[in-house]
Amino acid sequence: MTLFDNYPLIAALCAIFITQIIKIPVAFLLGRPTSFALATSTGGMPSSHSAGVTALITGLIIEQGYGSPLVAIAATFGVIVIFDSMGVRRQSGEHGILINELIADFENLRKTIIAISQDGTKSVKEMIDENRQSKEFLGHKPIEVFFGILSGILIAILISFLY
């Protein structure tokens with residue numbers, strides 16, 4: 001069996017790739033900032049995590065049937081990935097937003113101190129790194145996961161027609 005004969009793997013990888021690319025036009029339609037970097041970032045609509053594991057599960061169901069132990073393993077793995085993308089990773093993104101707000105507040109404080117006094121500002125300037133930002137888009141909202149799951153199922157079914 002060659003790598004390209006592995007339908008569930010190809011379905012999962014295609015789902016991840018396609019949903020990452022789809023994030024750009026979806027962000028545009030939703031009125032959010034867009035760039036090619038969005039296609040390589042985590043978070044956003046639809047969830048490529050959910051699409052990938054769902055396509056893997058769907059591919060295994062199509063190829064092996066519902067009773068296969070491989071489907072059980074993939075489904076368990078998929079549930080963990082999906083809950084992680086909505087839970088821990090989502091909370092990390094929320095923390096990133098708060099951290100970025102704190103950094104902005106410290107930067108405003110530094111500028112105020114510089115404006116008030118020209119001497120002794122070097123230590124304040126060194127304490128605050130203007131380029132430091134925390135990632136805000138790490139996890140997924142439930143709606144992003146839902147559309148990721150739908151995308152994964154549809155992509156796996158479409159890929160099955162090619163095999």
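Since the structure is predicted, the reported quantities are computational estimates derived from the model, not experimental observations.
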Co-membership, hydrophobic cluster, residues [X] and [Y], 4.5 Å side-chain:
| X | Y | answer |
| --- | --- | --- |
| I153 | V79 | yes |
| V53 | I80 | no |
| Y66 | L70 | yes |
| L56 | I16 | no |
| I149 | I157 | yes |

Taking all heavy atoms of [X] and all of [Y], pick out the closest pair and write down the distance.
| X | Y | result |
| --- | --- | --- |
| A51 | A15 | O-CB, 3.6 Å |
| I57 | G78 | CD1-CA, 4.3 Å |
| G59 | A156 | N-CB, 4.3 Å |
| A74 | L60 | CB-CD1, 3.5 Å |
| A55 | A11 | CB-O, 3.6 Å |
| I22 | P46 | CG2-CD, 3.9 Å |

Exercise. Have S47 and E144 got a donor and an acceptor in their side chains that come within less than 3.5 Å?
Worked result: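 No pair is found: no donor N or O on one side chain lies under 3.5 Å from an acceptor on the other.
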Problem set entry | Side-chain heavy atoms of L162 within contact of L158, under 4.5 Å |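 Not touching, per the 4.5 Å side-chain cut-off.
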For this session: Taking the side chain as every heavy atom from C-beta outward, state whether F17 and L13 have any atom pair closer than 4.5 Å.
Result: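 Not in contact.
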Problem set entry | Whether T76 side chain and A72 backbone form a donor-acceptor pair below 3.5 Å |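 It does hold such a pair.
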Return the [atom1] to [atom2] distance between [X] and [Y], rounded to the nearest 0.5 Å.
| X | Y | atom1 | atom2 | result |
| --- | --- | --- | --- | --- |
| H49 | I82 | NE2 | CD1 | 10.5 Å |
| C14 | L9 | SG | CG | 9.0 Å |
| I159 | L154 | CD1 | CG | 11.5 Å |
| T19 | M45 | OG1 | CE | 12.0 Å |
| K23 | F36 | NZ | CZ | 12.5 Å |
| I21 | S48 | CD1 | OG | 10.5 Å |

Exercise. For Y163, what residues pass the ring pair (Phe, Tyr, Trp, His ring centres under 6.0 Å) criterion, not counting sequence neighbours?
Worked result: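 Expected list: Y7.
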